[in-house]
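Below is one structure; the comments refer to it alone.
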Amino acid sequence: MSKGIPNPEKDFSGWYKQVVTRAELADYGPVKGTMVIRPYGFQLWENIKNIFDHMIKESGHTNAYFPLLIPKSFFAQEAKHIEGFAKECAVVTHTRLKADEEKGIIVDPESRLEEELIIRPTSETVVWSMYKKWIQSYRDLPILINQWVNVVRWEMRTRLFLRTTEFLWQEGHTAHATEEEAQKETLDILELYRQLAEDYLAIPVFTGLKTESEKFAGAEKTYCIEAMMRDKRALQAGTSHNLGQNFAKAFGVTFQTEHNQEEFVWATSWGVSTRLIGAVILAHGDKKGLRIPPRIAPVQVVIVPIIRDNDQRSDVQKYLEPIINGFAETGVRYHIDWTDNSPGFKFNEWEMKGVPLRMEVGPRDMAEGNVILARRDMDKKISFSCENVNEKIPTILEKIQQSLYAQALAFRNENIHTTNSYDELKQIINEGGFVRCGWDGLDKTETAVKEETKATIRCIPFDEQPKDLTCVYSGKPAKHEVIYAKAY
RNA sequence: CGGAGCGUGGCGCAGUCCGGUAGCGCACUGCAAUGGGGUUGCAGGGGUCGCAGGUUCAAAUCCUGUCGCUCCGACCA
């Protein structure tokens, strides 16, 4: 076990906090609930961001930017939507500070704004206020816009990456001429989220539909990807909403069809946030610290030279030259740790930081024409000939990627259970795990289960088989098969 | 906002009950050796004890007030 970090089996949240700060992913900001994303953490975010940005551009979306400040009046226009956010909006009321002899710097009471401004908790309202200007005819549709921005939600309880007052995300906002097209967009994006999670973050996810109580306020339907963390709790890792005509109606956004009919525009919105980093930490981390999947790792290979003096140092340097040149060609992200910490210290340090592959190079290896490789996903060191290490490494990185996914999937499979007994559900939830079972489709059932067990319906999975199922709570015929779990 | 706990060098803590002018581990700086799983030795630097009052000859310690943070609940991506 790594020195100084709590055992994740015993103190998962202590482990999480330590790992995030000690691996230098992030640090606490001065304002409660805010977070500084440090360079190592930000590189991870940039890698995730670049992958998804590429995906949406491939599928015809473009980036834009909408303002941070939103007039308060915009929120009155979509009552359902604001219900969901009213309790967590930061409001700008003044525009100036001034020096006060007694109190130091104070808010200038004379600078009070006539109309207060809301710092965006999400941007549907501003976006749709603009879409009203931009959309007249079916020829203006679809609009497929995304933005990478920060948003602020005044949360009561915060945790680095998982829930912070301010966080970074992408929010897509699309406008369509038909309901079918909007629905297709919603699901297409969800599929991209699934790919992002599974193929890049190496996290298996359930895709499905949120229940009424869990859906986004203002949406017709909310779809999600849900993942299992190593403490067997669920994490919602991304959502995609079919907004129907709700926002178009709130903002009066209509268009003329090919047949010269006036109709309201159909909308979607979808987002993934820096929470994904929390997901990576919580899904893959182990007692030594982080384990970052190679495809998103800021550093894929860390090289630890084993040297005694300057002569050996330059020997290693020369020895590494062709390897490093090879990395440049294959695009492997590497780092050589020349600090004079002891090798053992470096091993632990880089394991904590989750680097997928470590290469050790010392006198013994140079004599044999080898390097030592140690994979972060397993507890083994292997000697490799220097000759073919350049071809091998991308393959090994790919194997690590697959192995992290396989481990996460195996873990999820071990900890998901099907049952039609409520007692059993309570026991499983209590011990930790997901429960797949029938649900009668009633709000009050969901609420009752939540109150009694703290578990919520994470989603109605696309592959549900409700036939012949009964509701785990009421015993009535099931309307849906659902997944219950305690969630972050 | 309810319940609990904590504020003492950068981090983690002891000291507080029973007042006497601040200490430990890690980290940091320098030198030397060491170097294949958190390496030693020696020598250093750094704290108005969260803040504001009060009691006292004397306050990290006692009293009052205040601010902040963490954890558990209600809310949430």
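Letters A, B, ... mirror the listed sequences (proteins, then strands); counts begin at 1. Owing to the predicted nature of the structure, the values given are computational and were not obtained by experimental measurement.
Put simply, CD on A:E451 is 9 Å from P on B:C75, counting in whole angstrom units. The separation between A:K454 atom NZ and B:C75 atom P is 11 Å, rounded to whole Å. Between A:F12 atom CZ and B:C71 atom P the separation is 14 Å, expressed in whole Å. The CH2-P distance, from A:W338 to B:G35, rounds to 17 Å in whole Å. Separating the CD1 atom of A:I307 from the P atom of B:U34 is a distance of 14 Å, rounded to the nearest angstrom. Rounded to whole Å, the distance from NZ on A:K17 to P on B:G12 is 9 Å. Atom CD in A:Q18 sits about 17 Å away from atom P in B:C26, given to the nearest Å. Between A:N348 atom CG and B:G35 atom P there is a gap of 18 Å when expressed in whole angstrom units.
When heavy atoms are screened at a 4.0 angstrom cut-off, A:K210 is found touching no nucleic acid atom at all. As judged by a 4.0 angstrom heavy-atom cut-off over every strand, A:L162 is placed among the base-contacting residues. Using a 4.0 Å heavy-atom criterion, one finds that A:G362 contacts the bases of the nucleic acid, with or without backbone contacts as well. A:T222 comes within 4.0 angstrom of no nucleic acid atom, judged by non-hydrogen atoms across all strands. A:R358 comes within contact range of at least one nucleobase, with a heavy-atom separation under 4.0 Å. As judged by a 4.0 angstrom heavy-atom cut-off over every strand, A:F167 is placed among the base-contacting residues. Nucleic acid contact for A:E360: base, since at least one base atom lies under 4.0 Å from a heavy atom of the residue.
Here the rule is salt bridge (Lys or Arg N to Asp or Glu O under 4.0 Å) with A:E351, and of A:R375, A:R358, A:R376, A:R22 only A:R358 fits it.
If you find the closest nucleotide of RNA chain B to A:T158 and to A:F216, the one lying nearer the 5' end belongs to A:T158. For A:E351 and A:G33, each mapped to the nucleotide of RNA chain B holding its nearest heavy atom, the one lying further toward the 5' end belongs to A:E351.
Comparing the C1' positions of B:C17 and B:A60 gives an interatomic distance of 14 Å, to the nearest angstrom. The P atoms of B:G45 and B:U61 are separated by 27 Å, rounded to the nearest whole Å. Here the separation of B:U64 from B:A74, taken at their C1' atoms, is 32 Å to the nearest Å. Of the C1' atoms belonging to B:U48 and B:G44, the separation is 23 Å, rounded to the nearest Å. Taking the C1' atoms as reference points, B:A14 lies 11 Å from B:G25, given to the whole Å. Look at the P atom in both B:G46 and B:U66: the space between them is 37 Å, to the nearest Å. Using P as the reference atom, B:G20 and B:A59 are 11 Å apart when rounded to the nearest Å. With both ends at atom C1', the span from B:G9 to B:C13 equals 12 Å, rounded to whole Å.
More than 12 heavy-atom neighbours from other residues, nucleotides or ligands sit within 6.0 angstrom of NZ on A:K426.
Residues from residues 363-373 of chain A with heavy atoms under 4.0 angstrom of RNA chain B, sorted by number: A:P363, A:R364, A:D365, A:I372.
Taking every side-chain heavy atom of A:S342 into account, B:U39 is the closest of B:U39, B:G37, B:G35. Of the candidate nucleotides B:G35, B:G37, B:U70, B:G35 has the atom nearest to the side chain of A:I306. With B:G38, B:A74, B:G35 as the candidates, the nucleotide lying closest to the side chain of A:R308 is B:G35. Counting only heavy atoms from C-beta on, A:D340 has its side chain closest to B:G35 among B:G37, B:G35, B:C75. Ranking B:C75, B:G35, B:G37 by closeness to the A:E155 side chain, first place goes to B:C75.
Between A:I429 and A:F434 there is no side-chain heavy-atom pair separated by less than 4.5 Å. Counting heavy atoms from C-beta outward, A:D188 and A:L192 have side chains that stay 4.5 Å or more apart. Residues A:L397 and A:L357 are in side-chain contact: their nearest non-hydrogen atoms beyond the backbone lie under 4.5 Å apart. For the pair A:I119/A:V91, no side-chain contact is recorded, criterion being any heavy-atom separation below 4.5 Å from C-beta on.
Judged by distance alone with a 3.5 Å cut-off, no donor-acceptor contact links the side chain of A:K346 to the base of B:G35.
Ring geometry for A:F12 versus A:W15: interplanar angle under 30°, hence parallel rather than tilted (30 to 60°).
When both distances must be under 3.5 Å, the Watson-Crick or G-U wobble mate of B:G19 does not exist. Nucleotide B:A59 has no partner under the Watson-Crick or G-U criteria, as no pair reaches both atom distances under 3.5 Å. When both pairing distances are held under 3.5 Å, B:G44 makes a Watson-Crick or G-U pair with B:C28. With a cut-off of 3.5 Å on both Watson-Crick or G-U wobble distances, the partner of B:C6 is given as B:G68. A 3.5 Å limit on both hydrogen-bonding distances identifies no Watson-Crick or G-U partner for B:G37. With a cut-off of 3.5 Å on both pairing distances, B:A14 has no Watson-Crick or G-U wobble partner at all.
Contact between A:H480 and A:I460 at its shortest, heavy atoms only, is ND1-CG2, 3.7 Å.
Side-chain N or O atoms of A:N47 include one that pairs as donor or acceptor with a backbone N or O of A:I296 at under 3.5 Å.
A donor atom on one side chain and an acceptor atom on the other are not found under 3.5 Å apart for A:R295 and A:Q300.
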